[in-house]
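Here's the structure, in structure tokens; my notes come after.
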Amino acid sequence: MIKFKDGFFWGSSTSAEQSEGRLENDGKMLTVWDKFFSDSPYKFHDNIGPETTSTIYKHFKEDIKLLKQTGHTAYRTSISWARLIDDKGNINQKAVTFYNSYFSLLKENGIKVFVNLYHFDTPLYIQEKYNGFVQKETVKLYAKYAKTCFELFGDLVDSWFTFNEPIVSVECGYLLQYHYPLEVDSKKAVQVAYNIALASALAVKEFKKLNLKSKIGIILNITPSYPRSNNEFDVKAAHIADLFATNSFLDPCVKGEYSKDLVEILKKHDLLPSYTEEELKIIKENTVSFLGINYYQPLRVCAKANLPNDNAPFMPTYYYDSYVMPGRRINKYRGWEIYPHALYDIAKNIQNNYGNIEWFVAENGMGVEDESRFKKDGIIQDDYRIDFIKQHLVELHKAIEEGSNCKGYMHWTFIDCWSWLNAYKNRYGFIELDYNTQKRYIKKSGYWFKELSDNNGF
Ligand code: BG6
């Protein structure tokens, strides 16, 4: 039997934009996702935009009952900046009432409340006025917003997080054209990455001033890079891939400084951001005390076959190619490689190279297309999801036995949610959502999760 330590928490994660919904007169301002959906050439799956969610804004009372029914002892969501603060800087009292009631009810039900401040959802008024995190003005506004959240909800939240997967905002928004503003500009990408690390440190600084009982961290997606062979070129390629995918945020947020190798590469391409010594000091002095790690899939890397031509914009992939490793298990419903052992490697990396800082799995899960085809007797029989979670837990457990400071596991996600580019194509939840009727149905994995949590293992 795989048994976790007492106090190990079992939860699910979601985000404001993907779960809250927008109701008439709720005071929520537009976000970059509304703009992306209405104006961009990108075609969302089934043309479903960010307004179609499980509408937790309205349903949180019944949803908290479902959290209990499925054994959750912790729950992570985010606050919507665009809901809380309007374009004139005023606080939306309806948002305050909503978050107060939502977080209080979680607490009353004995569920740990984990709150993230930013999950890809820049208010549109900030994106348009300051080009989002390209400008330092947004950093200042973010720090102010963070302070407001700590002051308003500080007593209700157990753990705070400054950002979710900041490298995704950088890559998708400024290199790969998957997120608004759909730009390809390496200089801006590096500036946004630096400004987000600075904003995170400023939020930590504000947090420390308030002496709250809770902790503060950041949520990073880690995609460990594995070289195709032991030859020096492949190994170097994997190291460079890690510098961008992992070290870019892990180092400044946990160690308070950037990796020298990363700085060297950026210098070589004339891509150092605009920074001041005073800002670097803020980053140095305001590291996080807790980490959330999202893990879905690894990166398989080999040395670049051909270097890009001189005019191509700089991308991390300038130095490496990624490839699909033959014979590897793939989530055939989503196309991502399934490699649970990477979770062990992540745990060891944190233990050995990042001071064994306290952390938890903040997202891990399996997206499945057309999931209703697995429905029997009114319940989705998602044994594939149960297997997926078990295999990851085995690796995690092994690392914890060897001293990793991991405190809990959160699944992505609780109720099937709207997703940035795929809308409802890939379902991840423990709970099936019919978004037309807003009805919820617990899947087999939801019932299993209750047993897992009750037994603290399987
Ligand atoms: C994570 C994000 O990257 O992956 C979530 O934090 C996201 O917001 C999840 O929904 C799953 O990815 P996708 O693209 O299948 O929704």
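Everything numeric in this text was worked out from a predicted model, so none of it was measured.
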TODO: Check whether more than 12 heavy atoms from other residues, nucleotides or ligands sit under 6.0 Å from atom NZ of Lys58, and answer yes or no.
DONE: no
Open item on the list: Does the plane of the ring in Tyr409 sit parallel, tilted or perpendicular to the ring in Phe449? Use 30° and 60° as the thresholds.
Closed with: tilted
TODO: Evaluate the ring planes of Phe36 and Tyr180, with Trp represented by its six-membered ring, and classify them as parallel (under 30°), tilted (30 to 60°) or perpendicular (over 60°).
DONE: tilted
Open item on the list: Between Leu156 and Tyr99, does the side-chain contact (heavy atoms from CB on, under 4.5 Å) criterion hold? Intermediate values first, please.
Closed with: CA-CA 10 Å; Leu156 299 172; Tyr99 289 120; over 6 Å; no
- [ ] Inspect the surroundings of NZ in Lys205 and state if more than 12 heavy atoms from other residues, nucleotides or ligands are less than 6.0 Å away.
- [x] no
Task: 4.5 Å side-chain heavy-atom contact, Val139 and Leu202 - done: yes
Open item on the list: For Asp158, run the salt bridge (charged side-chain N to carboxylate O under 4.0 Å, His left out) check against Arg76, Lys407, Lys107, Lys213 and tell me which one passes.
Closed with: Lys107
- [ ] Can you see which heavy atom on Ile415 is nearest to which on Leu433, and at what distance?
- [x] CG2-CB, 3.9 Å
- [ ] Could you label the plane-to-plane angle of the Phe133 and Tyr118 rings as parallel, tilted or perpendicular, counting under 30° as parallel and over 60° as perpendicular?
- [x] perpendicular
- [ ] Specify whether Tyr428 and Tyr296 have parallel, tilted or perpendicular ring planes, treating 30° as the upper limit for parallel and 60° as the lower limit for perpendicular.
- [x] perpendicular
Open item on the list: Would you compute the distance between atom CG of Asp185 and atom CG of Asn131 and round it to the nearest 0.5 angstrom?
Closed with: 9.0 Å
TODO: Please tell me if the side chains of Val157 and Phe103 come closer than 4.5 Å, counting only heavy atoms from C-beta onward.
DONE: yes
Task: Plane angle bin for Tyr339 and His341 - parallel if under 30°, tilted between 30 and 60°, otherwise perpendicular - done: perpendicular
Task: Near-ring test Tyr320/Phe233, centroid separation under 6.0 angstrom - done: no
- [ ] Answer yes or no: is there a side-chain heavy-atom contact under 4.5 Å between Thr31 and Thr122?
- [x] no
Task: Heavy-atom pair with the smallest gap, counting every atom of Tyr333 and Asn426 - done: O-OD1, 3.7 Å
- [ ] Count the heavy atoms belonging to other residues, nucleotides or ligands that lie under 6.0 Å from NZ of Lys187, then report whether that count exceeds 12.
- [x] yes
- [ ] Identify whether the distance between the nearest side-chain nitrogen and carboxylate oxygen of Asp63 and Arg440 falls below 4.0 Å.
- [x] yes
Open item on the list: Would Phe388 and Ile338 count as a side-chain contact (heavy atoms from CB on, under 4.5 Å) here? Give the steps.
Closed with: CA-CA 8 Å; Phe388 178 97; Ile338 299 179; 4.1 Å; yes
Task: Test of ring centre spacing under 6.0 Å for His45 and Tyr424 - done: no
Open item on the list: Over 60° means perpendicular and under 30° means parallel, so tell me whether His411 and Phe430 are parallel, tilted or perpendicular.
Closed with: parallel
Open item on the list: Would you say OH of Tyr178 has more than 12 non-hydrogen atoms from neighbouring residues, nucleotides or ligands within 6.0 angstrom?
Closed with: no
TODO: Would you mind reporting whether Ile400 and Phe8 have side-chain heavy atoms less than 4.5 Å apart?
DONE: yes
Task: Identified side-chain contact (heavy atoms from CB on, under 4.5 Å) partner of Leu105 from the options Val113, Ile64, Ile111, Leu67 - done: Ile64
Open item on the list: I'd like to check Asn195 versus Val134 (side-chain heavy atoms, cut-off strictly below 4.5 Å). Are they in contact?
Closed with: no
Task: Minimum heavy-atom distance between Ser274 and Glu279, given as atom pair plus value - done: O-OE1, 4.3 Å
Task: Heavy atoms from other residues, nucleotides or ligands near NZ of Lys61 exceed 12 (cutoff 6.0 Å) - done: no
Open item on the list: In terms of relative ring orientation, are His179 and Trp420 parallel, tilted or perpendicular, with 30° and 60° separating the classes?
Closed with: tilted
- [ ] State plainly whether the residues Arg334 and Glu369 are in salt-bridge range, i.e. N to O under 4.0 Å.
- [x] no
TODO: Evaluate the ring planes of His397 and Phe4, with Trp represented by its six-membered ring, and classify them as parallel (under 30°), tilted (30 to 60°) or perpendicular (over 60°).
DONE: perpendicular
Task: Residue pair Thr138 / Tyr145, side-chain heavy-atom distance below 4.5 Å - done: no
- [ ] Supply the atom-to-atom distance Leu291 CG to Leu250 CG, rounded to the nearest 0.5 angstrom.
- [x] 6.0 Å
Open item on the list: Do Asp86 and Asn92 have side chains that approach each other closer than 4.5 Å (heavy atoms only, starting at C-beta)?
Closed with: no
Task: Parallel, tilted or perpendicular: ring planes of Phe290 versus Phe114, cut at 30 and 60 degrees - done: perpendicular
Open item on the list: Salt bridge or not between Lys147 and Glu151? Use side-chain N to carboxylate O under 4.0 Å.
Closed with: yes
Open item on the list: Against Ser169, only a single residue in Phe120, Tyr174, Phe163 fulfils side-chain contact (heavy atoms from CB on, under 4.5 Å); can you say which?
Closed with: Phe120
Task: Residues Asp26 and Lys94 bridged, charged N to O under 4.0 Å - done: no
TODO: Determine, for Lys144 against Glu206, whether the closest basic-nitrogen to carboxylate-oxygen distance falls under 4.0 angstrom.
DONE: no
Task: Closest non-hydrogen atom pair, Pro50 against Asp34 - done: CG-OD1, 3.8 Å
Task: Exercise: identify the closest heavy-atom pair between Leu152 and Val96 - done: CD1-CG2, 4.1 Å
Open item on the list: Is it the case that over 12 heavy atoms from other parts of the model lie below 6.0 angstrom from the CG atom of Asp39?
Closed with: yes
Task: Between Tyr102 and His59, ring centroids under 6.0 Å - done: no
Open item on the list: If you count heavy atoms of other groups shown closer than 6.0 angstrom to NZ of Lys136, is the number above 12?
Closed with: yes
Task: Close side-chain approach of Asn364 to Asn294, heavy-atom, < 4.5 Å - done: no
Open item on the list: Between the side chains of Glu137 and Lys129, is the shortest nitrogen-to-carboxylate-oxygen separation below 4.0 Å, so that they form an ion pair?
Closed with: no
TODO: Can you see which heavy atom on Cys406 is nearest to which on Leu396, and at what distance?
DONE: SG-CD1, 3.8 Å
Open item on the list: Counting only heavy atoms from other residues, nucleotides and ligands, does the tally under 6.0 Å from OH of Tyr275 exceed 12?
Closed with: no
Task: Candidate pair Leu266 and Glu264, rule side-chain contact (heavy atoms from CB on, under 4.5 Å), full reasoning - done: CA-CA 5 Å; Leu266 295 178; Glu264 274 312 305; over 6 Å; no
TODO: Run through Lys28, Arg22, Arg83 and flag the one making a salt bridge (charged side-chain N to carboxylate O under 4.0 Å, His left out) with Glu17.
DONE: Lys28
- [ ] Name the orientation class of the two ring planes belonging to Phe150 and Phe207 (parallel below 30°, tilted from 30 to 60°, perpendicular beyond 60°).
- [x] perpendicular
